[in-house]
Each structure stands twice: as structure tokens, then as C-alpha cells.
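Right, one structure below, let's go through it.
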Amino acid sequence: MHEVLIKAETLIEALPYIRDFNNKKVVVKYGGSAMLDEKLQQSVIKDVALLKLVGMKPIIVHGGGKEISKWVKLMGKEPEFVEGLRVTDDDTMEVAEMVLNKVNKHLVQMMEKLGVRAAGISGKDGGTIHCDKKMVNGRDIGYVGDVKEVNCELIDTLLENDFVPIIAPIGLGDDFKSYNINADDAACAIAKSIKAEKLAFMTDIEGVCRDAGDPSTLMSVLTLDEANKLIEDGFIGGGMLPKLRNCIDAVEGGVSRVHILDGRRDHCLLLEFYTKKGIGTAIINNEENLYAHETEQYDRISEVRRDDEKQHR
């Protein structure tokens, strides 16, 4: 009976969020370890299906980098990266498109199995993602795209007809050739263009930590000013740096709240979206965007941060 009551309390706790997010668009960037583990795959797809069934309008933007690297090696080439971006020649682009299409249709299949209609597309379909060639410090790294424009017409049509759009990050250039796009960049651009209520990045870390090696320094909420200051003060580095910059860009572009979540945890989307405690880091515009229950916790965390900054100086 005690376990049943706990479940009932959890559902009651979720009610205000279900009400507030009803009919709102949310973009989920799906990648990392959660794509490689079958159990975690099931967890993520169930979460997204539930978001849909309780009234939200979810869109999945997925990666597939590790799988692409595996197939590039199988064809006798060594994957090459420049500042985290895959060098993509003709052969690699062909492999990337093949792998991403395979991943895309597998996710559609999993969603359909749960009784939720899904449609798998890439950014090429309907001219959804138009991109320029991305250069890295003046170096040409091949068919790597920098998102120039997102046409939401096809995405909106799918949402209006009760489908969950599942999008592979491939775009078309001015030359009408295929370009491989970083999935984080694609998710950010799509979230801004459709005016999403939420954008969730599924990662292999707990969230944004003041000390990258200490999970106890996890920051549950960051304003734009605080996120920018963390970058300026050198607290953020490695792969988290471009991800946090994408979060800042999305909030500045009109997304209400951006979440960085640990995709290795079962049902991380539901825990972050529908419980007071949450599990990751949320980036918001300013303190006015805090939820009512977050204010006291935010004040305590801010006091700790100020003390840390004094010691750091």
C-alpha cells in the first residue's frame, strides 16, 4: 500500500506540469550512451511517448556519431575530427546518411510499437534544414553543415496531424548536396524556429557542475547571466562548452527552458519535466522564469556560488 501511495503522490506532483505544458512543443536531442543501450532506448522512447499522450508535442532530433564511426572503420577508413566535428568526405557522407537513416527508422519503429504515430524525416525533407558549409578556422572539413535556416512547415504539419517527428540531422546546401550537421546544433536551431517551450539535451553527464569532477556541485538552475559567467571564468570546458553555448543560444532565441540531462538514467525526461526536484540542469532567461518551488532552492545555491567565487578570486 505504501508503494501505491508513493506512485499516487508522484502523479499528483506531475499534475501542474501536465496542465502547464499541455499542447506545448518540446524538442528532445537524443544521443550518447542512451542510444547504444537497448534498455535506455526503451526508457527514452517510453518517456517521449508519455509526453505525447499527456498532451505535449514532442520532436526528437537524434545523433548517431558512434555508429557512424563504427561503419567508417568497417569500410577501411579512420574517423577524423577537427574541434569535435567529423571530417566528412563523399564516402563518409554516404555512410553517415545511411547510418542516420537506419537509426531514424528504428526509433520510428519503437515509437509505433508503443501505439504512438511517428514519422521519420531528415532535414532534407521538405527543405526543413538549409545549411552553409561549415569551416573550422578557415579549414574545409568537407560536407559538414552550419544551419542557415529552418523551414518548420513539414514539422508543423506532422504535429498538427498527431505524429511525433523524428529528425535526422542532415541538411541541404545551396548546391543541393547533403551535409552532415552536429545534432546539438540541429536541435537548437529547430527548437528556436518552432518556438519550443523546452529543449532537452540528453548527455553522458549529470548536468552542469561547477567542478566537472564533482557531481555534488551540480547546478540545478542557471540563468543566462550565470551561464555566461561560468564560461567567462573558465569553469566550463571540453565537450560541455559548445553544449552550454547552444543552450544559451536557444534561450536567447526564445526557448523558455533548456535542460541538460543525464541520458544514462532511466526516465530522465519524466523526472526532470514532471517532478519538483528534477535531475539535471535547467537554463532559463532570468530569475522571473523560475518555477515557484525553485525560488528558495535557487537562493541557497546562489549564496553558495557567491562564496565559491570569493574563494576562487
Side-chain angles (χ1 to χ4, degrees), residues 17 20-32 34 44 47-48 51-52 55-64 100 104 107 118-131 134 145-160 163-171 181-203 207-208 221-224 227-228 240-261 263 268-269 272-273 278 280-286 289:
Y17 303 108
D20 292 345
F21 303 150
N22 185 54
N23 215 35
K24 298 290 177 63
K25 299 171 185 174
V26 55
V27 176
V28 177
K29 186 271 171 172
Y30 178 38
V44 172
D47 281 9
V48 175
L51 296 181
K52 174 74 175 68
M56 293 182 79
K57 293 183 174 180
I59 300 108
I60 296 175
V61 179
H62 66 84
L100 289 169
N104 186 276
L107 296 178
I121 64 171
S122 79
K124 292 166 61 174
D125 294 302
T128 297
I129 302 179
H130 185 202
C131 57
K134 194 179 190 79
D146 190 13
V147 179
K148 181 178 181 180
E149 182 183 9
V150 175
N151 177 353
C152 301
E153 186 177 356
L154 178 55
I155 297 173
D156 285 337
T157 298
L158 291 172
L159 291 174
E160 289 165 9
F163 287 91
V164 173
I166 300 178
I167 306 172
I170 302 169
I181 302 167
N182 177 277
D184 285 0
D185 293 347
C188 181
I190 290 168
K192 290 192 298 181
S193 295
I194 65 170
K195 305 188 186 311
E197 177 71 17
K198 290 177 176 289
L199 165 61
F201 288 104
M202 304 191 69
T203 68
V208 180
V221 182
L222 285 172
T223 64
L224 285 181
N228 280 312
M240 178 53 71
L241 185 57
K243 197 172 295 290
L244 187 55
R245 283 179 172 153
N246 265 327
C247 294
I248 292 168
D249 182 39
V251 174
E252 289 178 340
V255 178
S256 297
R257 185 172 280 228
V258 182
H259 303 262
I260 296 177
L261 305 177
C268 62
L269 285 170
E272 178 68 359
F273 286 8
T281 299
I283 293 88
I284 59 176
N285 194 346
N286 53 53
N289 298 104

Angle between ring planes, Phe21 versus Phe273, binned at 30° and 60°: parallel, tilted or perpendicular? perpendicular
Side chain to side chain contact (heavy atoms under 4.5 Å, CB included) between Val164 and Leu51, intermediate numbers included: CA-CA 10 Å; Val164 173; Leu51 296 181; over 6 Å; no
CE of Met202 to CD of Glu272, rounded to nearest 0.5 Å, is 11.0 Å
Could you pull out the closest heavy-atom pair between Val61 and Ala183, with the gap in Å? CG1-O, 4.0 Å
For Ile190 and Leu199: C-alpha separation, side-chain torsions, deciding distance, then whether side chain to side chain contact (heavy atoms under 4.5 Å, CB included) applies. CA-CA 10 Å; Ile190 290 168; Leu199 165 61; over 6 Å; no
State, to 0.1 Å, how close Asn104 and Gly120 come at their nearest heavy-atom pair, and which atoms those are. OD1-CA, 2.9 Å
Does Lys25 pair with Asp156 as a salt bridge, N-O distance under 4.0 Å? yes
Ile284 vs Val251, test: side chain to side chain contact (heavy atoms under 4.5 Å, CB included). Steps then yes/no. CA-CA 7 Å; Ile284 59 176; Val251 174; 5.9 Å; no
Which heavy atom in Gly145 sits nearest to a heavy atom in Cys131, and how many Å separate them? CA-SG, 4.0 Å
Result of checking Glu197, Lys198, Lys24 against Ser256 for side chain to side chain contact (heavy atoms under 4.5 Å, CB included): Glu197
Please report the closest heavy-atom contact between Asn151 and Gly126, naming both atoms and the distance. ND2-O, 3.7 Å
Between atom CD1 of Ile283 and atom NE2 of His259, what is the distance when rounded to the nearest 0.5 Å? 8.5 Å
Between Val27 and Ala196 the two heavy atoms that sit nearest each other are CG2-CB, 4.1 Å
Applying side chain to side chain contact (heavy atoms under 4.5 Å, CB included) to Tyr30 and Leu107, what does each step give before you reach the verdict? CA-CA 10 Å; Tyr30 178 38; Leu107 296 178; 3.5 Å; yes
Checking Asp20 side chain against Tyr17 main chain: does a donor-acceptor pair fall under 3.5 Å? no
Any chance you could measure Thr223, atom OG1, to Asn228, atom CG, to the nearest 0.5 Å? 8.5 Å
Once you round to the nearest 0.5 Å, how far does NZ of Lys52 lie from CD1 of Ile59? 11.0 Å
Side-chain contact, heavy-atom cut-off 4.5 Å: Val258 with Asn246? no
Is the backbone of Arg245 close enough, under 3.5 Å, to the side chain of Asp249 for a donor and an acceptor to pair up by distance? no
Side-chain donor/acceptor of Thr203 to backbone N/O of Leu261, under 3.5 Å: yes
Can you see which heavy atom on Ala200 is nearest to which on Leu269, and at what distance? CB-CD2, 3.9 Å
Rounded to the nearest 0.5 angstrom, the CG-NZ distance for Asn182 and Lys134 is 7.5 Å
So, applying side chain to side chain contact (heavy atoms under 4.5 Å, CB included) with His62, which one of Val28, Leu100, Ile167, Val44 is it? Leu100
Note, Ile260 side chain near Met240 side chain (heavy atom, < 4.5 Å): yes
Under 4.5 Å between any side-chain heavy atoms of Glu252 and Leu224, yes or no? yes
What residue among Leu154, Ile166, Ile170 forms side chain to side chain contact (heavy atoms under 4.5 Å, CB included) with Ile121? Leu154
Return the CG to CE distance between Asn23 and Met56, rounded to the nearest 0.5 Å. 10.5 Å
